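The structure appears below as structure tokens.
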Amino acid sequence: MIKFFQHPHLLVIVLLLGLRTTCEQSIGTKDGIRCLEKEREALLRFKDELIDDYGQLSSWGNQKDKEECCKWSGVLCDNLTNHIIQLDLHGASAPLGGNISVWLLEIQHLKYLDLSLNSFNHRRIPQFIGSLGKLQYLDLSDSWFSGEIPHHLGNLSELQFLGLSAYAGMLTSTNLDWLSRLHSLRYLRLSSVNLTMATNWLQTINKLIQLEVLYLSDCHLPTVLPPSPSTFNASNSLYKLDLFGNDLSSSCVFPWLFNFSSGLSYIELGSNKLQGPIPDDIGNLLSLSYLSLSQNQLEGEIPMALGNRSSLSYLDLTNNQLTGTVPDLVLSFSLKNLYLDHNMFNGTVTQSIGSLYKLECLGLHSNHFDDIITESHFFNLSQLRILDLSYNPGISFDFSLGWNPPFQLTEVLLRGCKVGPHFPTWLRTQTRLYELDISNAGILDTFPDWLWELSSNLDDLNVSHNNFHGVLHDFSSKFSTNFRTIDLSFNHFSGSLPILPPNASLLDLSSNKFAGPITNLCNETNSSWSYLDLSNNLLSGQLPDCFANLSNLRFLKLAHNNFSGNIHSLNIRFSLHLQNNSFTGEIPTSLRNCTSLAFIDLSRNKLTGKIPTWMGNTFTSLVFLSLRSNEFFGSIPSNLCHLSHLQVLDFSLNKISGAIPKCLNNLTAMIEVDNESYVSSFSSGLQSYESASVIWKSNEREYINTLRLMRLIDLSSNNLVGDIPAEITSLVTLVGLNLSRNNLSGILPASIEQLRSLDFLDLSRNNFSGGIPAGVSQLDQLGVLDLSYNNLSGKIPQNIHLQTLGASAFEGNPDLCGLPLNKTCPGDEIAQDPKIIGNASGMKDPKEEEDKLISDGFYISMVVGFVFGFWGVCGTLVFNNLWRIAFFKLWNSSMDWLYVKIAISKIRLKEAFHKFMNSLRSRFFVSENVPKQEK
DNA sequence: CATGGTTGGG
């Protein structure tokens, strides 16, 4: 009662309602109107507090012609009593907002209430909904409610259907006791409700003995031990169970699962932490038609008990560590979908698959199957639509030249299989294709012209990493209007650049032998193009004017060609790579409009002029800026210090003069561990296309994954004067600093010891004087130090790490003394300990030199970055083929690099880390070419 | 029965 008085408006409403009820005959129609006046009144008041931007409730009103509320949209009245029994106000196409008024309580006979897919702006679910005691159906899913689910819903004892799924854990329930009172519940959906604290979830579910359908995906369910069989009282009616994405273990899930009688027909357990073998008991689930155990850590073979059951039509075991052959017995004739991708299966699976005459989708991607596939394998598979045999290096094909397959495929994915040497002619019969990937498939052939006109639905075409040669003819009039991606990269295509589909978004023609000008790019208005990579070809001439019209272009990569002339009229959103061409003139002012650029590489051209001051104010998201090896002059504008996301600044090999700006400490990305701008580009997926070449310790290398950890300032080989501003030493995450080959002078700042992440420090060939600050010996991540050819004096700090860097780091400073130089300081004894000093002559053995390419410190920090970065992006990649492939490529290249690194590393960390990396690698990308681990 | 959204339906 006290609570009641805290809400005086409730009192008023109840009094009003009471008055009406007594004054009114509830049954009987007036002028053929069935609608009960008090219910109409309540609905109008209910509507008053809603926001109906889309006019979903425009039929609700108090005008004379709208009197019949039983005809209002979403309203259903009972045929006999005329009471409103159903309100279907789901907002799939026209979401409602605002507030859910307590006037709803006046619709006391309501059995069905659907408010799903609306937009209630983080409001709480009203407690009073628990007072609509006649409700049998309640759906509040995905309506932007947030907070704790009110336990009052537990009063709805007639409820059979309850949908409360939420967006990304906006709703929580810390204790599910309220749920156990809903004895009539047949359907329950709490997907994405945060149930971290609901340790009683399993007990609660077990009390719902009428339950038929249960969705608990992405709920953060805590792992609990299943109840002991004596207390177990599970529903016999459950037939559909979805526990996707909960990190549940085998010991939690399986014992529980197998206590249900044989009625379960749909089991989704993907993305959990199921480990060990698939239990034989799975064979007791006699009604099983859908089983997904994907994305777990299951090992061992497919149990025979799963074998040949007439009901199974969908089996997904992808992304586990399953081994062995796939026995014929397991392959049920009723299977329509069979996904075994990313496991370690071997043997010949394909013969038995040939009898699965209902098969529509077959995924065997990334296994170790060994087989020669012939026409007879496919004889019965007339329903097949999707065929993915990618990354089974042991699979090859033997089809007769005129083979006419019994199926019409929509997806053909044969990446990394032995398809070649000739282009598979049977594809010519497949006229419904929308995705074709025959990349890296050993094809040595010319490109078949008919492919361009094969299917009007072709979306994605990837023939990269083969040996295609010859000229591509102009088939622009035959292009599929659906083209999204075309990847012809890493082949030997020659001749002039073909006319490209105007509606595609990703076009990669890089690493071929296309030659000559690219003026025919401008034949169309290519406003859909988002990614254009023509790098590593023999293209030349000036850039055509049309680039400014490519209004959606995020990536433009023209690097490593022979383009010349001025760069003009560009309109790029994210990444611009023009390095290694012969561009002349100044940085174009049109770049001022490209304010969202994150990567600019103009290195190795013949560009000139002053570095524009507007750059610092324009590119607020810039991460990478290289003007290396051009003919820029003038001083470094201090405006550049506004580039707070900048990680790589490379102005080396120019004619830049003046002093180093003191404000460099404003480059905050070089202070912070994680760069917001970079991380956001990473999570948007853009990053998976990005790479950048960095000169790292005299070697050019392509940084892809690890780029996000790189922090580099390279101003070497210019005409800079003055001293090193102490401000630069506040860039504490800086990994590389190269100021060599300038005319810098003064003493080295003592605060240099703050640069604890520094792996590479080159100050050689300047006029620095004074002593080497003792703090340099604190830089224990340093892999390369070069202070040679200055006027430094005094004693080299005696520190084991510094001395192992070699004498060459200090030579050319006549007044320096002490180890590792051969020159003893005045008054010092010669006290060499060969074990510590090693080769004091300054000569390093080549192996050691290689080791320092990337020092241990950078390598460790990469691991840290990897752990954080990888997981964030992996989930989105797994399901998007394009990104997945791109990422996979990057992954492999970075892994190769790591293995090289590890092989030559002398650190103890090696073993532990190696295990860790291997477990990751085998879990997610069980793939070929895993280098042997060193003992 | 109840799978669509400003997000996955694996």
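Chain identifiers are assigned alphabetically (A, B, ...) following the order of the sequence lines, protein sequences preceding nucleic acid strands; residue numbering begins at 1 within each chain. Hydrogens, waters and symmetry mates are skipped; everything else that's a heavy atom, side chains included, is used. Please read all numbers here as calculations on a predicted model, not as lab measurements.
- To the nearest angstrom, P of dC1(B) lies 10 Å from NZ of Lys240(A).
- Between Leu171(A) atom CG and dT7(B) atom P there is a gap of 17 Å when expressed in whole angstrom units.
- In this structure, Tyr266(A) places its OH atom 11 Å from P of dA2(B), rounding to the nearest Å.
- Looking at Arg181(A) and Asn155(A), their side chains come closer than 4.5 Å, going by heavy atoms from C-beta outward.
- Protein atom CG of Leu76(A) is 20 Å distant from nucleotide atom P of dA2(B), rounded to whole Å.
- Remark: C1' of dA2(B) and CG of Leu115(A) are 15 Å apart, rounded to the nearest angstrom.
- As rounded to whole Å, 22 Å separates atom P of dA2(B) from atom CG of Leu87(A).
- Within 4.0 Å of Ser116(A), counting heavy atoms only, lies no atom of the nucleic acid at all.
- Nearest nucleotide to the Tyr137(A) side chain, out of dG10(B), dT7(B), dA2(B): dA2(B).
- Taking only side-chain atoms of Ser119(A), from C-beta outward, the nucleotide of dT6(B), dG10(B), dG4(B) with the closest atom is dT6(B).
- The side chain of Trp144(A) has dT6(B) as its nearest neighbour among dC1(B), dT7(B), dT6(B).
- Closest-nucleotide positions on DNA chain B for Tyr112(A) and Ala92(A) were compared, and the one nearer the 5' end corresponds to Tyr112(A).
- The distance from atom CG of Leu216(A) to atom P of dG10(B) is 17 Å, rounded to the nearest whole Å.
- Only the C1' atoms considered, dC1(B) is 27 Å distant from dT6(B), to the nearest whole Å.
- When the nucleotides dG4(B), dG8(B), dC1(B) are ranked by their closest atom to the side chain of Arg189(A), dG4(B) comes out on top.
- Nearest to the side chain of Tyr290(A), among dG10(B), dA2(B), dC1(B), sits dG10(B).
- Phosphate contact (OP1/OP2 of dC1(B), side-chain N/O of Tyr239(A), threshold under 4.0 Å): present.
- Each of dT3(B), dG10(B), dA2(B) was ranked by its minimum atom distance to the side chain of Asp316(A); first place goes to dG10(B).
- When distances are taken from the side chain of Tyr167(A) to each of dT7(B), dT3(B), dC1(B), the shortest belongs to dT7(B).
- Residue Met170(A) contributes atom CE, which lies 13 Å from atom P of dT7(B) at whole-angstrom precision.
- Of the P atoms belonging to dA2(B) and dT7(B), the separation is 23 Å, rounded to the nearest Å.
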Let me see the working for Phe345(A) and Leu364(A) under side-chain contact (heavy atoms from CB on, under 4.5 Å), right down to the final yes or no.
-> CA-CA 9 Å; Phe345(A) 291 118; Leu364(A) 303 180; over 6 Å; no
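- Between the side chains of Tyr215(A) and Lys240(A), at least one donor N or O lies within less than 3.5 Å of an accepting N or O.
- The base of dG8(B) sits with one of its N or O atoms less than 3.5 Å from a complementary donor or acceptor on the side chain of Ser192(A).
- At least one side-chain heavy atom of Leu179(A) sits under 4.5 Å from a side-chain heavy atom of Leu185(A).
- For Asp142(A) against dG8(B), a side-chain-to-base donor-acceptor contact under 3.5 Å is absent.
- Within the model, atoms OG of Ser366(A) and CG of Leu389(A) stand 11.5 Å from one another, a figure rounded to the nearest 0.5 Å.
- Scanning both residues, Ile149(A) and Ser173(A), for their nearest heavy atoms gives CD1-CB, 4.3 Å.
- Contact annotation for Asp242(A): base contact, defined as any heavy-atom pair under 4.0 Å involving a base atom.
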